[in-house]
Asks: 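Please find one structure pasted underneath; my questions will follow.
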Amino acid sequence: MKNNDTLCIMTKRNNININVDTEAIYKHFFELSPDLLCIAGFDGYFKKINPSVSKLLGYTEEELLAKPISEFIDIDDRKITADHRNEIIKNTLLQHFENRYRTKSGEIVWLSWTSMPIFEDQLVYAIAKNVTHKKILEEERNILLSNFAKINKDLKKLSYTSSHDLRSPVNNLLSIFSLLDVSTISDPETLQFIEMLESTSESLRQALNDYLDILIQRDNSLAKIEKINLNKNLNTVLRSINSLIQNSKVTINVDFSELEKVKFNKAYLKSIFLNLITNSIKYAKPGTLPVISISSRKHNGKNQLLFADNGLGFDMDVVKGKIFGLHQKFHNHIDSKGIGLYLVHNHITSLGGEITVESEINKGTQFIISFKE
């Protein structure tokens with residue numbers, strides 16, 4: 001160093017001494033910085049600002065230096081800013097303080113400040129970043145979360161009401177069966193139909209009770225996880241849709257020999273079986289009897305359930321990323337609501353599992369479900 005204003009630099013290549021004006025370096029740094037650089041007095045006025053401050057706020061340098069800083073701050077943030085300024089002038093470093101400024105055109109900008117007081121000079125050196133975009137995104141996120149919370153509350157209320165209200169007619173239907181004197185019926189086929197109707201009605205009542213239990217458990221964040229026998233769980237579902245299975249002439253091949261039990265929620269697993277089986281029957285390939293294969297395995301340390309059919313299949317290039325979306329429909333079936341696969345995906349992922357799909361048009365579909373251990 002030759003003096004306080006110059007810096008001596010020796011280049012290694014040609015040993016040339018260059019005197020650099022340090023004041024010019026500081027000036028370039030101050031003026032070219034995209035961040036807002038400010039020097040303010042303890043009296044509440046700007047003493048020096050870089051061009052980025054004027055560019056963002058829309059005021060000239062003269063206008064910004066002529067008025068108290070508080071006049072440029074949004075009125076709702078003036079008190080909290082004054083409180084923090086009082087802390088700064090007590091020789092306290094301020095970091096990540098955010099407040100709102102009003103531009104000359106009236107727009108609000110959010111600034112995040114880091115400020116360092118120099119007590120002997122009665123000055124505050126500050127750097128600010130424009131975080132308006134981040135604040136807008138946060139506000140939009142909070143609005144979305146609020147809307148989601150309301151929708152979730154409404155859906156939960158609808159689920160409670162629907163499950164509760166549907167139980168009454170189902171109970172009435174079961175009461176009719178208990179009053180029915182089947183000893184007076186001699187036709188075997190009629191007796192079989194009555195037995196199937198009663199069994200299906202009882203399964204429906206149990207399903208409604210299970211769904212209500214799930215809703216209550218979710219409210220208490222207590223989704224019950226237990227060891228479930230895959231074969232027993234599947235058979236319960238098959239009995240509940242026995243007439244559909246018979247009418248569709250579907251063949252269901254089951255092999256749980258490698259893995260007989262999984263840790264999961266019993267009602268969720270019933271819903272998964274029910275939706276996948278009914279979908280396979282619903283979307284069977286015309287002119288071909290449906291065939292469903294359900295098996296389990298241990299693969300790469302994971303317990304997995306495999307479900308495959310020989311139905312219409314999907315064009316994965318088209319449906320990939322949308323297949324588990326709510327109200328997503330990929331086939332023109334009169335009963336298609338686009339809810340079944342959404343429920344299947346939700347049941348699995350809500351408990352930490354995964355589901356993948358392999359499919360080709362007119363060659364069927366395979367779902368691979370991996371359970372969380």
Side-chain angles (χ1 to χ4, degrees), residues 1 3-7 20-153:
M1 281 280 210
N3 54 49
N4 291 334
D5 297 323
T6 62
L7 181 67
V20 179
D21 188 341
T22 55
E23 185 175 344
I25 292 176
Y26 298 147
K27 182 178 180 181
H28 284 308
F29 174 79
F30 194 83
E31 291 183 350
L32 296 178
S33 173
D35 291 330
L36 283 66
L37 305 181
C38 312
I39 302 174
F42 281 14
D43 60 359
Y45 282 79
F46 286 122
K47 303 303 180 182
K48 186 172 179 61
I49 58 173
N50 72 340
S52 293
V53 180
S54 296
K55 182 178 179 180
L56 180 65
L57 297 181
Y59 294 97
T60 64
E61 182 177 352
E62 290 74 16
E63 289 174 319
L64 289 167
L65 298 181
K67 295 180 180 180
I69 298 172
S70 60
E71 292 194 20
F72 304 105
I73 299 171
D74 184 75
I75 190 168
D76 292 333
D77 285 354
R78 288 179 184 177
K79 184 180 184 308
I80 190 172
T81 303
D83 293 340
H84 280 78
R85 187 176 69 85
N86 291 335
E87 292 299 316
I88 293 174
I89 63 179
K90 293 178 184 177
N91 211 19
T92 302
L93 172 67
L94 178 68
Q95 291 181 296
H96 310 303
F97 171 65
E98 296 179 350
N99 64 357
R100 289 167 288 185
Y101 275 65
R102 286 276 180 178
T103 68
K104 193 170 186 177
S105 63
E107 296 179 11
I108 288 179
V109 292
W110 279 91
L111 300 179
S112 177
W113 294 91
T114 297
S115 305
M116 170 70 76
I118 304 297
F119 199 79
E120 56 269 26
D121 296 333
Q122 299 285 285
L123 295 174
V124 176
Y125 290 79
I127 301 174
K129 290 184 178 292
N130 183 2
V131 293
T132 306
H133 180 64
K134 185 190 78 170
K135 285 294 183 179
I136 291 173
L137 290 178
E138 287 179 357
E139 184 178 356
E140 291 176 349
R141 182 195 63 187
N142 291 336
I143 292 172
L144 285 174
L145 288 174
S146 177
N147 289 338
F148 283 144
K150 183 180 183 304
I151 291 170
N152 185 60
K153 183 178 179 181

Asks: Would you say D83 and K79 make side-chain contact, with heavy atoms under 4.5 Å?
Replies: yes
Asks: Check T132, T81, D77 against R100 for a side chain to side chain donor-acceptor pair (under 3.5 Å) and give me the one that passes.
Replies: D77
Asks: Kindly say whether T60 contributes a backbone atom to a donor-acceptor pair with the side chain of E63 at under 3.5 angstrom?
Replies: yes
Asks: Minimum heavy-atom separation for E61 to S54, with atom names?
Replies: N-OG, 3.6 Å
Asks: With sequence neighbours excluded, what pairs up with F97 under the ring pair (Phe, Tyr, Trp, His ring centres under 6.0 Å) test?
Replies: H84
Asks: Rounded to the nearest 0.5 Å, what separation is found between the CD1 atom of I127 and the CG atom of L37?
Replies: 5.5 Å
Asks: Take Y45 and K47, measure what side chain to side chain contact (heavy atoms under 4.5 Å, CB included) needs, and give me the verdict at the end.
Replies: CA-CA 6 Å; Y45 282 79; K47 303 303 180 182; 4.2 Å; yes
Asks: Is it the case that over 12 heavy atoms from other parts of the model lie below 6.0 angstrom from the CD1 atom of I143?
Replies: yes
Asks: Taking everything shown except K55 itself, do over 12 heavy atoms lie less than 6.0 Å from its NZ?
Replies: no
Asks: Using 30° and 60° as the class limits, which term best fits the ring planes of Y101 and W113: parallel, tilted or perpendicular?
Replies: tilted
Asks: Any chance the side chains of N50 and S33 put a donor and an acceptor closer than 3.5 Å?
Replies: no
Asks: For L123 versus F42, what's the shortest heavy-atom pair and its separation?
Replies: O-CE1, 3.5 Å
Asks: How long is the span from the OG1 atom in T114 to the CG atom in L93, to the nearest 0.5 Å?
Replies: 7.5 Å
Asks: Give a yes or no answer on whether the side chain of S112 reaches the backbone of V131 with a donor-acceptor pair at less than 3.5 Å.
Replies: no
Asks: Passes side chain to side chain contact (heavy atoms under 4.5 Å, CB included), L56 versus N130? Steps please.
Replies: CA-CA 9 Å; L56 180 65; N130 183 2; 3.4 Å; yes
Asks: Rounded to the nearest 0.5 Å, how far does OG of S115 lie from CD1 of I39?
Replies: 12.0 Å
Asks: Mind checking the CZ-CD spacing from R78 to E71? Nearest 0.5 Å is all I need.
Replies: 7.0 Å
Asks: Could you state the interatomic distance from CD1 (I108) to CG (N99), rounded to the nearest 0.5 Å?
Replies: 11.5 Å
Asks: Applying side chain to side chain contact (heavy atoms under 4.5 Å, CB included) to L57 and V109, what does each step give before you reach the verdict?
Replies: CA-CA 8 Å; L57 297 181; V109 292; 3.9 Å; yes
Asks: Considering all heavy atoms of both residues, which atom of R102 and which atom of Y59 are nearest to each other, and what is their separation?
Replies: O-CE1, 3.9 Å
Asks: Atom NZ in K134, atom NZ in K129: separation rounded to 0.5 Å?
Replies: 11.5 Å
Asks: Looking at K135 and E98, is there a salt bridge between them, counting it only when a charged N and a carboxylate O are closer than 4.0 Å?
Replies: yes
Asks: In the structure I gave you, are the side-chain heavy atoms of C38 and V53 within less than 4.5 Å of one another anywhere?
Replies: yes
